[in-house]
Protein chains: 2
Amino acid sequence: MAEASDFKAEPPEGIDTLGASSEGASLYQLIREDIIDGRLAANERLVVTDLARRHGTSTNPVREALQLLRGEGFVTFVPNRGARVRPIDQDFVRDIYEIGVLIEPALTRWFVNMATVEDIAELERIQGLIEENNFADTFRHSELDTAFHTVMYQRHYNRHAAELWWKHREVLRAVSRRFNFTLARRAAIIREHRELIAHVKAGNADEAAELIARHVEGSGRHVLEHMRARNAARAG
Amino acid sequence: MAEASDFKAEPPEGIDTLGASSEGASLYQLIREDIIDGRLAANERLVVTDLARRHGTSTNPVREALQLLRGEGFVTFVPNRGARVRPIDQDFVRDIYEIGVLIEPALTRWFVNMATVEDIAELERIQGLIEENNFADTFRHSELDTAFHTVMYQRHYNRHAAELWWKHREVLRAVSRRFNFTLARRAAIIREHRELIAHVKAGNADEAAELIARHVEGSGRHVLEHMRARNAARAG
DNA sequence: ACGCGCTAGATCGTACATTGTTTATCGAAA
DNA sequence: TTTCGATAAACAATGTACGATCTAGCGCGT
């Protein structure tokens with residue numbers, strides 16, 4: 001985590017992102033990304049035979065991948081009628097952001113009290129990269145922003161909460177990648193990140209937590225506005 | 001929800017508790033309960049062939065059930081080495097309670113602002129049954145207590161949060177069923193429930209939320225103390 | 001037009017082949 | 001004799017193929 005070119009977002013340690021089997025792993029990830037990135041439409045049927053053919057395997061790995069996705073909430077099942085894509089709509093995104101608003105402040109509070117000099121240096125390094133990039137490459141920004149928050153939550157003792165955050169984050173990252181940042185939002189992100197670092201340095205846990213709550217809420221509002229606008233455009 | 005004998009805890013609407021396939025459904029539930037109730041030891045290997053034989057099916061339904069459980073976090077997988085039971089230890093329970101402390105107040109706040117006369121009547125009815133039972137039948141208390149909180153969270157617009165709460169609740173219900181309630185805890189539960197109803201009636205959302213936070217935290221502390229004691233006894 | 005039955009297609013369960021891992025046994029060296 | 005190492009055999013996970021069961025959609029008959 002010291003290379004200047006290192007900006008690929010990594011999950012917090014101890015969280016298994018891989019699928020079960022060698023074949024199943026890629027299948028799981030492929031289908032999942034197809035759902036999150038919107039290549040598979042909402043409520044679309046997931047026919048096992050088709051997926052198997054498309055990915056060049058037999059049906060069994062597909063079935064297991066679908067069950068895994070079901071457990072994670074990305075597909076729904078009706079007995080004897082197969083699987084469907086759970087729609088990642090505004091409600092879904094709103095729900096996730098609201099949970100983030102509740103959980104992230106607590107994670108942040110802990111981080112502020114446990115942050116080392118190296119942590120702060122890492123935060124500032126990533127923040128430097130974020131400002132250097134300055135939203136020119138939105139994909140890169142997305143990765144950097146995720147990395148920024150990962151530094152804070154990575155080592156939290158509540159692995160369950162960290163895992164939850166990461167899973168939500170993966171969805172939101174994919175969703176927000178579809179939109180551009182408004183100028184107001186860009187400014188807010190830079191400002192709030194700087195403020196956050198200042199709070200961490202000063203050890204102001206409460207202020208940091210409160211700031212994160214606003215940060216996440218602002219981020220959610222921003223994405224939801226975009227989704228709403230796009231939906232309106234599509235409908236009109 | 002009007003019969004006096006109705007005290008079986010039901011999940012909030014819109015949450016699919018059933019497994020995928022007819023056979024797979026029961027398999028999923030059986031294995032899950034074996035894990036939660038502790039009949040399957042922590043980190044125990046889950047051999048597909050064994051489970052299939054034991055439940056009188058072939059391996060495929062077992063594999064799918066395991067993947068489903070993996071997605072829900074009850075089972076861990078290592079490629080080519082199969083599945084293991086994720087230990088439901090003190091850390092796990094603590095993590096879940098801490099998330100509850102963060103989420104439930106928000107759910108409660110919403111409920112207080114949306115509660116109908118019928119909701120309050122239902123709360124009072126269940127509370128009456130709880131006090132009538134007075135912890136004589138701990139299983140029954142567990143169900144009633146779950147029903148009490150379900151009334152509050154059932155119709156929350158954030159389905160994701162409600163679902164999360166329910167999943168956590170199912171685990172905690174099974175864990176806490178193993179222990180008896182201390183007298184202090186019994187008194188606290190009755191008192192806090194009554195207080196909560198009063199807050200709901202008065203429309204004091206903030207007070208109710210704050211009370212729930214304490215309620216959940218107290219419940220968590222109680223269970224964790226029991227677990228700690230049992231572990232100490234086992235080790236000594 | 002409406003209902004009934006049939007057929008196409010998909011899910012679900014079983015059986016089997018393949019691949020990788022673990023364990024036990026045997027042999028050689030210390 | 002013991003210990004280490006290699007090899008082989010048992011075992012279990014993963015992938016493939018197939019048959020049974022269920023659903024849905026279409027056409028036919030009334």
Side-chain angles (χ1 to χ4, degrees), chain A residues 15-35 39-87, chain B residues 15-35 39-87:
Chain A
I15 293 179
D16 54 340
T17 53
L18 15 61
S21 50
S22 37
E23 289 287 332
S26 54
L27 258 183
Y28 159 75
Q29 285 176 339
L30 288 174
I31 299 176
R32 205 179 94 115
E33 283 172 16
D34 281 349
I35 293 175
R39 280 186 293 277
L40 287 170
N43 283 107
E44 184 168 334
R45 273 200 71 184
L46 293 168
V47 180
V48 185
T49 319
D50 288 356
L51 292 170
R53 223 195 332 266
R54 196 175 312 161
H55 295 97
T57 71
S58 73
T59 63
N60 228 343
V62 178
R63 287 200 258 174
E64 293 184 11
L66 287 180
Q67 291 296 335
L68 180 52
L69 288 165
R70 185 168 103 88
E72 293 188 346
F74 289 109
V75 309
T76 60
F77 263 79
V78 180
N80 286 323
R81 269 194 266 171
R84 286 183 179 276
V85 178
R86 170 164 293 184
Chain B
I15 293 179
D16 53 340
T17 54
L18 15 60
S21 49
S22 36
E23 289 287 332
S26 54
L27 258 182
Y28 158 75
Q29 284 177 339
L30 287 174
I31 298 176
R32 206 180 93 115
E33 282 172 17
D34 281 348
I35 293 175
R39 280 186 294 277
L40 287 170
N43 284 106
E44 184 168 334
R45 276 199 66 184
L46 291 169
V47 181
V48 194
T49 320
D50 286 358
L51 292 169
R53 222 194 335 265
R54 195 175 312 161
H55 294 98
T57 71
S58 73
T59 62
N60 228 343
V62 178
R63 289 200 262 175
E64 292 184 10
L66 287 181
Q67 291 296 336
L68 181 52
L69 288 165
R70 185 168 103 89
E72 291 187 346
F74 290 108
V75 160
T76 60
F77 264 78
V78 180
N80 285 324
R81 268 193 265 173
R84 284 180 182 278
V85 177
R86 170 164 295 184

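What you see below is based on every heavy atom in this structure, not just the backbone, and it leaves out hydrogens, waters and symmetry mates. Order of the sequence lines sets the chain letters (A, B, ...), proteins ahead of strands, with each chain counted from 1.
Here the P atom of nucleotide D/dA12 and the CZ atom of B/R84 are 13 Å apart, to the nearest Å. Atoms CZ (B/R54) and P (D/dA12) sit 12 Å apart, rounded to a whole Å. To the nearest angstrom, C1' of D/dA13 lies 13 Å from CG of B/L46. Taking atom CD of residue A/Q67 and atom P of nucleotide C/dG13, one finds them 10 Å apart after rounding to whole Å. Here the C1' atom of nucleotide C/dC12 and the CD atom of B/E64 are 8 Å apart, to the nearest Å. Put simply, CZ on B/R70 is 14 Å from C1' on D/dT14, counting in whole angstrom units. Rounded to whole Å, the distance from CG on B/D50 to C1' on D/dC11 is 11 Å.
Annotation for A/P61 and A/S58: closest pair CD-O, 3.3 Å, computed over non-hydrogen atoms. The minimum heavy-atom distance linking B/I35 with B/R86 is given by the pair CG2-O, 4.4 Å. In terms of heavy-atom proximity, A/L66 sits nearest to A/V75 at O-CG2, 3.5 Å. Scanning both residues, A/I31 and A/A65, for their nearest heavy atoms gives CD1-CB, 4.4 Å.
Within the helix from C/dA1-D/dT30 to C/dA30-D/dT1, the inter-axis angle between the opening and closing five-pair segments is 10°, rounded to 10°.
Distance check, rounded to the nearest 0.5 Å: OG1 of A/T59 to CG of B/N60 gives 7.5 Å. With rounding to the nearest 0.5 angstrom, the CG atom of A/L46 is 13.0 Å from the CZ atom of A/R70.
The main-chain N or O of A/T76 is never found under 3.5 Å from a side-chain atom of A/R84 such that the two would form a donor-acceptor pair.
Tested against A/V85 for a side-chain contact (heavy atoms from CB on, under 4.5 Å), the candidates A/L69, A/L40, A/N43 yield a single pass: A/L40. The side-chain hydrogen bond (donor to acceptor under 3.5 Å, both in side chains) test with A/Y28 singles out one residue from A/E64, A/Q67, A/E72, and that residue is A/E72.
Residue B/L51 is out of contact with every strand shown, counting any heavy-atom pair closer than 4.0 Å.
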If a protein heavy atom is under 4.0 Å from the base, mark B; if only from the sugar-phosphate, S; if neither, -; do that for nucleotides 16-24 of chain D going 5' to 3'.
B-----SSS
